[in-house]
Amino acid sequence: WSPEAAARYLDQRQKKWFEWKPAASANGPCVSCHTGMTYLLARPALRRVLKEDQPTAYERGLLDRLRANVGAKPPGALQDVETIFAAMFLAGQDDRGAMSAHTQKAFDQLWALQRSEAPAKGAWKWYAANLDPWEHSESSYFGAPLAMLALGLTPPEYQQRADTRERASALASYLAESSARPLHDRLALLWSSSTRPSAAPEALRTSLLAEVFAKQQPDGGWTLESLGPWTPHPDAPPAIGSDAYATSFATFALQRGGVSASHPGLSRALGWLRSHQDPTTGAWAAVSMNKRRPAGSMEALFMQDAATAFAALALIEAGQRP
């Protein structure tokens with residue numbers, strides 16, 4: 001596989017994203033689950049492999065958007081989402097021994113927005129547009145593990161504060177009610193355990209790993225259907241066989257959950273990813289699971305953006321260099 005080609009694809013998509021008016025704001029483009037968040041996860045890893053000296057202009061631009069109004073993200077459909085992303089990525093920029101002023105403000109707003117009443121006590125409101133896999137009515141369960149992940153990136157002194165422990169306890173209680181959630185969202189819980197091991201207690205982790213590997217396809221990948229259950233989408237293009245997004249996200253989450261690259265199931269998944277990068281585009285091909293998107297449209301490649309980012313991350317973390 002080619003890290004250079006993956007980076008080139010992701011950079012080209014960010015160029016278009018930064019120019020796309022529906023994503024624009026005075027403070028920079030939206031940090032979306034599919035194109036922005038995944039870029040901020042994958043591009044630094046690719047930069048290290050490619051021995052690039054500086055962050056890209058798109059990394060800086062997305063981080064500037066998260067720093068804008070930090071601690072005072074305005075009310076609206078994306079307020080809680082942006083607050084979680086700000087906490088997650090700004091904490092990741094900090095020295096682990098100290099919390100920056102920006103990160104402190106992000107967490108202050110994060111806790112202020114945390115819900116205090118059932119059934120979502122301990123969680124946050126999430127953007128819902130009847131769009132799987134990130135923006136459906138129950139996607140708060142995808143966002144909540146990201147908040148837990150963010151907390152695990154803060155200094156130990158902050159995590160041990162009495163007020164932080166109280167908030168984290170409410171979050172952990174919410175996450176413990178996981179049985180009816182899509183497997184996709186429960187994989188985010190496994191991901192969060194990479195910084196907060198207590199997020200996935202051993203019994204839960206063991207059962208989750210068994211479920212994930214039981215749904216692995218003979219070719220090493222996973223289908224989108226296997227990461228559900230999902231809302232029916234009659235206008236979606238047919239999904240047949242292993243899918244690049246499902247496989248890349250599952251592989252990434254399993255690695256972050258502590259599964260070794262030498263594990264037979266994970267080894268087969270990594271082999272699937274190595275063999276499915278498009279040599280022309282540098283991407284891992286994936287299409288919407290919600291509706292047929294016009295060819296060439298920005299929306300048509302959202303799933304592909306995420307698949308490519310998670311595939312590159314998974315391969316890099318497994319030491320799968322070209």
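Just so you know, these numbers come straight off a predicted model, no measurement behind them.
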Distance-only side-chain donor-acceptor flag, [X] / [Y], under 3.5 Å:
X	Y	result
Q160	R165	no
T35	R13	no
Y39	D11	yes
N290	H233	yes

Legend entry - Residues that W284 engages under ring-ring contact (aromatic ring centres under 6.0 Å, His included), provided they are two or more places apart: none

Would you check if [X] and [Y] make a side-chain contact, meaning some heavy-atom pair closer than 4.5 Å?
X	Y	answer
L149	S194	yes
L153	D94	no
Q93	S100	no
L183	S226	no
S137	N130	no
F142	L187	no
M148	T195	no
H136	W126	no

Pair [X] + [Y]: basic N to acidic O under 4.0 Å:
X	Y	value
D108	K105	no
R47	E59	yes
D80	K125	no
E225	K215	no
K15	E19	yes

Using the rule that Ile, Leu, Val, Met, Phe, Trp and Tyr join whenever any side-chain heavy atoms are under 4.5 Å apart, tell me whether [X] and [Y] fall into a single cluster.
X	Y	answer
M37	V81	yes
M298	L131	no
Y9	L50	no
L40	F85	yes

Looking at [X] and [Y], what are the two nearest heavy atoms and their distance?
X	Y	value
G97	P155	C-CG, 4.1 Å
A42	L313	CA-CG, 3.8 Å
P237	V287	CG-CG2, 3.8 Å
L151	A168	CD2-CB, 3.7 Å
S193	A200	CB-CB, 3.8 Å
T247	G220	CG2-O, 4.4 Å

Legend entry - Intermediate values then yes/no, side-chain contact (heavy atoms from CB on, under 4.5 Å), R43 and T56: CA-CA 8 Å; R43 198 56 180 85; T56 68; 3.8 Å; yes

For the [atom1] atom of [X] and the [atom2] atom of [Y], what is their distance to the nearest 0.5 Å?
X	Y	atom1	atom2	value
S140	Y127	OG	OH	15.5 Å
L301	T281	CG	OG1	9.0 Å
W17	S32	CH2	OG	4.0 Å
I84	Q79	CD1	CD	11.0 Å
S248	L270	OG	CG	11.5 Å

Legend entry - Within 6.0 Å of OH in Y58, more than 12 heavy atoms from elsewhere: yes

Inset, instruction - Inspect the surroundings of CD in E177 and state if more than 12 heavy atoms from other residues, nucleotides or ligands are less than 6.0 Å away. - result: no

Inset, instruction - Just jot down the salt bridge (charged side-chain N to carboxylate O under 4.0 Å, His left out) partners of R196, sequence neighbours excluded, or say none. - result: none

What is the ring orientation for [X] with [Y], classed by angle as parallel under 30°, tilted 30 to 60°, or perpendicular over 60°?
X	Y	value
Y141	Y174	tilted
F107	W111	tilted
W191	F310	perpendicular

Examine [X] together with [Y] and report whether their ring centres are nearer than 6.0 Å.
X	Y	value
F213	H263	yes
W134	Y245	yes
W230	H184	yes

Inset, instruction - Test Q109 against E82 for side-chain contact (heavy atoms from CB on, under 4.5 Å), laying out the working first. - result: CA-CA 10 Å; Q109 185 171 22; E82 284 212 348; over 6 Å; no

Inset, instruction - Mind running side-chain contact (heavy atoms from CB on, under 4.5 Å) on S2 and Q277 for me, showing each step along the way? - result: CA-CA 8 Å; S2 170; Q277 185 184 29; 4.0 Å; yes

Legend entry - D243 (side chain) donor-acceptor with A246 (main chain) under 3.5 angstrom: yes

Inset, instruction - Go through the steps for L190 and R186 under the test side-chain contact (heavy atoms from CB on, under 4.5 Å), then give the verdict. - result: CA-CA 7 Å; L190 195 61; R186 287 182 285 129; over 6 Å; no

